[in-house]
Every structure is written in structure tokens, then in C-alpha cells.
Amino acid sequence: MKKLLRFACAVLSMLPLAAHAAAPLPAEVEVNGVEFVLIPAGKVWVPVPHLDPKTGLNLENGMRELQFATKSFYIAKYEARARDFLRFMSEGKPVHAAHYDAKDPEDDDSGSLGGCSVRRGANGFTLVAPDRDLPATHLSWDLANEFSTWMGFRMPTEIEWVRAFRGDDKRRYPWGDEYPDDTYASFQEGATSCNVQPVDAFAKGASPFGVRNMAGNIYEYVADWENVEHYNSLKGGETNPVARAPHEVPGDPGKFRVLRGGRWASGPAALSIYGNRTRRLPSSPFRCYGVRFALDTTTVERHLAAGTARTR
């Protein structure tokens with residue numbers, strides 16, 4: 001009888017833990033001042049280039065649309081902010097800080113260096129528009145990766161990014177298939193001046209999960225390398241396949257990282273899921289390039305247990 005009672009007590013003592021483990025993940029959380037949205041596990045259709053491994057150019061059968069799976073993860077509701085990037089550059093002592101000093105060929109302001117939202121001058125870093133919640137710009141992949149880590153986050157993979165952009169269906173834009181105008185996103189084909197908009201702008205252009213500015217405004221780095229062999233090997237059905245190493249194409253000038261989303265100087269076609277992909281050398285910044293943070297669900301659970309995250 002005593003053994004039975006001890007067994008019953010042991011089972012009862014485990015119930016709160018089981019109930020806690022089974023608690024659903026919050027739809028939105030805030031960690032370190034950044035708002036994150038839960039992207040539930042599911043499937044996503046991804047346009048995958050079919051490339052010639054010798055030249056890196058599209059083969060005749062062009063782009064394939066394959067379906068992949070993703071586990072649950074969190075992605076930032078907004079692009080990484082200029083105010084956080086300013087703190088990072090001022091306090092974080094980034095190894096790749098010199099990337100930010102690279103002069104933008106489109107920038108004729110010779111008095112300062114940096115992007116369209118944070119500038120480095122004689123007295124350090126300043127916000128270009130302190131009254132506007134602008135995204136960080138003029139990032140290299142290396143600097144964006146350091147920034148993400150310093151904030152306690154990571155970059156999304158390309159497949160995760162597309163899932164957050166597109167959801168379950170084959171929509172062309174985050175909001176659906178409707179051709180964009182200036183109420184959906186920040187874009188103007190051929191624009192040369194800084195036209196970066198606040199991270200919370202364009203509610204009408206939100207993705208199926210409520211993620212803002214995934215089309216236009218700034219290109220966003222993802223974790224993947226550009227890798228021809230990786231793309232050509234995909235069959236569909238894989239779970240979050242990631243190009244974790246570069247593939248060097250003969251005659252190509254280097255090893256590239258991938259960006260998604262289009263920018264304020266893009267045309268409408270370059271905002272769509274079929275046209276919003278580009279690449280960049282990881283050490284080379286550009287004025288329209290930024291990043292969006294991501295988190296694993298296990299990391300969010302740890303923050304919630306420690307009281308360092310709050311639900312929204």
C-alpha cells in the first residue's frame with residue numbers, strides 16, 4: 001500500500017511539469033526589445049533556381065517550385081532597427097566594424113560614413129532620423145551576423161524566410177497576388193536617394209503571419225550561402241534545407257551570401273517571391289541591405305522560463 005501511495009505521489013508531482021511542457025507557444029513575444037512572431041510548423045512552396053554548375057546561369061528548364069517543410073520558429077515582426085544597430089556599433093566592438101566605413105558608391109555625402117539610418121561622424125554614431133523607427137541599413141553579411149548574435153538572436157534560413165513571407169500557398173507577394181502600389185510597400189524602380197521607411201510602416205503589406213516589410217524597403221540577409229550544387233540537389237520534401245557552404249563557379253568572382261525581399265529602389269516584379277532574391281559578397285555592405293532576426297522555439301521557451309521575455 002505504501003509503495004502504491006509513493007507511486008501516486010510521484011505521478012501527481014510530475015503533473016505540473018507535464019502541463020507546463022504542453023503549454024502552447026505564444027503567438028507573439030518580445031525579447032531584448034524586439035518583437036517576434038511565431039511561425040508554426042508547416043510546408044512552404046519555394047521557387048528554386050535550376051542552375052548550370054559550370055556557369056551559375058539558369059538552365060533552360062529555369063526555376064522549379066518545390067515544397068519544403070519547416071519546424072516552428074520565431075521571426076522578428078519588423079526589420080532590425082537602426083536604434084539597436086547604433087547600440088551594437090557603439091558598445092559591441094564588432095570585429096567587422098570597418099565594413100560600415102566602406103563608402104557607398106551611390107552616396108555623395110562626403111562628410112560622414114555609413115547607411116541611410118545610422119551615420120558615423122567625428123563624434124561617433126548618430127541616428128539620421130531619431131523621431132522615425134527606421135531599419136538598420138548599409139550592412140554586410142558579416143556585420144549583420146555579428147549584430148544578430150550580439151542581440152542574442154540568429155538570422156533566418158532562406159526557407160524560413162520564405163515561409164514567413166508566403167505562408168502555405170503560392171502567393172506572389174506577402175499580402176497575396178494583388179499588384180503593389182505605394183500603400184503596400186516602399187519601392188520605386190531606379191530610385192537613387194535614401195527612401196528607407198519605418199519598420200512598422202505598410203500594415204496593408206503584411207505577410208499571412210503579420211510580418212511587416214518583407215517586400216521592399218530593404219533587402220534582408222539570410223543564413224544561407226549561394227550554392228548551385230545545393231539548389232540542383234533539392235527534390236522537395238526536405239525539412240528546412242540550408243546551404244551551409246558556398247559553391248565556387250568557375251569564372252565567378254567570389255563566394256556569396258543570399259538576400260531576400262527587394263528594396264526601396266526595386267520595381268514591382270522585384271518585390272515578388274520570384275524576383276526578390278539577390279546575392280552579395282559577405283564582406284561587402286550596401287545602402288539597401290539589412291537583416292531580420294529569428295529565434296528557435298527552444299530559445300524562446302528558455303527566455304519565458306527565465307522571465308527575460310514577455311508575451312504580447
Side-chain angles (χ1 to χ4, degrees), residues 30-36 75-156 186 191-202 212-214 216-223 257 259-266 278 280-295 308:
E30 185 175 314
V31 180
N32 197 12
V34 176
E35 306 91 333
F36 286 89
I75 198 164
K77 189 172 186 176
Y78 308 114
E79 300 140 322
R81 290 179 167 94
R83 68 188 188 213
D84 289 325
F85 184 72
L86 184 147
R87 288 195 300 119
F88 164 65
M89 292 297 286
S90 301
E91 305 168 15
K93 299 179 180 178
V95 173
H96 298 97
H99 291 184
Y100 204 68
D101 288 342
K103 197 65 179 174
D104 193 312
E106 293 182 5
D107 191 352
D108 58 6
D109 176 6
S110 59
S112 58
L113 296 166
C116 293
S117 52
V118 174
R119 290 285 180 161
R120 186 205 293 268
N123 298 317
F125 295 97
T126 58
L127 293 174
V128 172
D131 58 335
R132 304 179 76 211
D133 196 6
L134 298 179
T137 63
H138 194 70
L139 303 189
S140 68
W141 187 95
D142 290 332
L143 196 56
N145 187 47
E146 278 195 87
F147 179 29
S148 302
T149 301
W150 187 80
M151 289 290 293
F153 311 135
R154 64 172 176 85
M155 291 184 188
S186 173
T192 57
S193 61
C194 287
N195 191 29
V196 63
Q197 299 300 312
V199 298
D200 60 352
F202 305 106
R212 298 282 188 91
N213 282 325
M214 297 201 83
N217 213 29
I218 60 171
Y219 269 108
E220 301 170 14
Y221 288 106
V222 294
R257 291 288 188 173
L259 301 99
R260 280 286 194 169
R263 59 184 181 131
W264 67 72
S266 295
T278 191
R280 191 80 172 179
L281 293 170
S283 60
S284 178
F286 189 61
R287 62 166 35 194
C288 299
Y289 290 176
V291 70
R292 185 183 300 268
F293 303 130
L295 279 173
T308 51

> For Ala76, what residues pass the side-chain contact (heavy atoms from CB on, under 4.5 Å) criterion, not counting sequence neighbours?
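Per chain and number, Ala76 pairs via side-chain contact (heavy atoms from CB on, under 4.5 Å) with Val34, Phe36, Arg292, Phe293.
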
> For the residue pair Phe85 and Phe147, categorise the inter-ring angle as parallel (less than 30°), tilted (30 to 60°) or perpendicular (more than 60°).
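Judged by the thresholds at 30° and 60°, the geometry between Phe85 and Phe147 is perpendicular.
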
> Given Val291, which partner from the list Met155, Glu79, Glu220 fulfils the side chain to side chain contact (heavy atoms under 4.5 Å, CB included) test?
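One option only clears the test, and that one is Met155.
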
> Treating Asn217 as the side-chain partner and Ser186 as the backbone partner, does any N or O pair qualify as donor plus acceptor under 3.5 Å?
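Checking the backbone N and O of Ser186 against the side chain of Asn217, no donor-acceptor pair under 3.5 Å is found.
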
> Just to verify, which of Trp150, Tyr100, Phe125, Phe153 counts as forming a ring pair (Phe, Tyr, Trp, His ring centres under 6.0 Å) with Phe88?
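Running ring pair (Phe, Tyr, Trp, His ring centres under 6.0 Å) over Trp150, Tyr100, Phe125, Phe153 with Phe88 returns exactly one hit, Trp150.
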
> So do the side chains of Arg119 and His138 get within less than 4.5 Å of each other, counting heavy atoms only?
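Arg119 does not reach His138 side chain to side chain.
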
> Are Lys93 and Glu146 close enough for a salt bridge, meaning some N to O gap below 4.0 Å?
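Between Glu146 and Lys93 there is no salt bridge, as every charged N stays at least 4.0 Å from the carboxylate O atoms.
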
> Do the side chains of Arg212 and Asp200 get close enough for a salt bridge, i.e. N-O under 4.0 angstrom?
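Between Asp200 and Arg212 there is no salt bridge, as every charged N stays at least 4.0 Å from the carboxylate O atoms.
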
> Can you check whether Ser284's main-chain N or O pairs, donor with acceptor, with Trp141's side chain at less than 3.5 Å?
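Such a contact is absent between Trp141 side chain and Ser284 backbone.
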
> Go through the steps to decide whether Thr278 and Tyr289 satisfy the test side-chain contact (heavy atoms from CB on, under 4.5 Å), and finish with yes or no.
CA-CA 11 Å; Thr278 191; Tyr289 290 176; 3.9 Å; yes

> Side-chain contact, heavy-atom cut-off 4.5 Å: Pro198 with Leu134?
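Yes. Closest side-chain heavy atoms under 4.5 Å.
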
> Under 3.5 Å, side chain of Thr137 to main-chain N/O of Cys116, donor-acceptor pair present?
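Side chain of Thr137 to backbone of Cys116: a pair is present.
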
> Any donor and acceptor pair, going by atom type alone, linking the side chain of Ser117 with main-chain N or O of Pro135 inside 3.5 Å?
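At least one qualifying donor-acceptor pair exists.
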
> Who pairs with Thr149 by side-chain hydrogen bond (donor to acceptor under 3.5 Å, both in side chains), at least two apart in sequence or on another chain?
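side-chain hydrogen bond (donor to acceptor under 3.5 Å, both in side chains) check on Thr149 returns nothing, list empty.
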
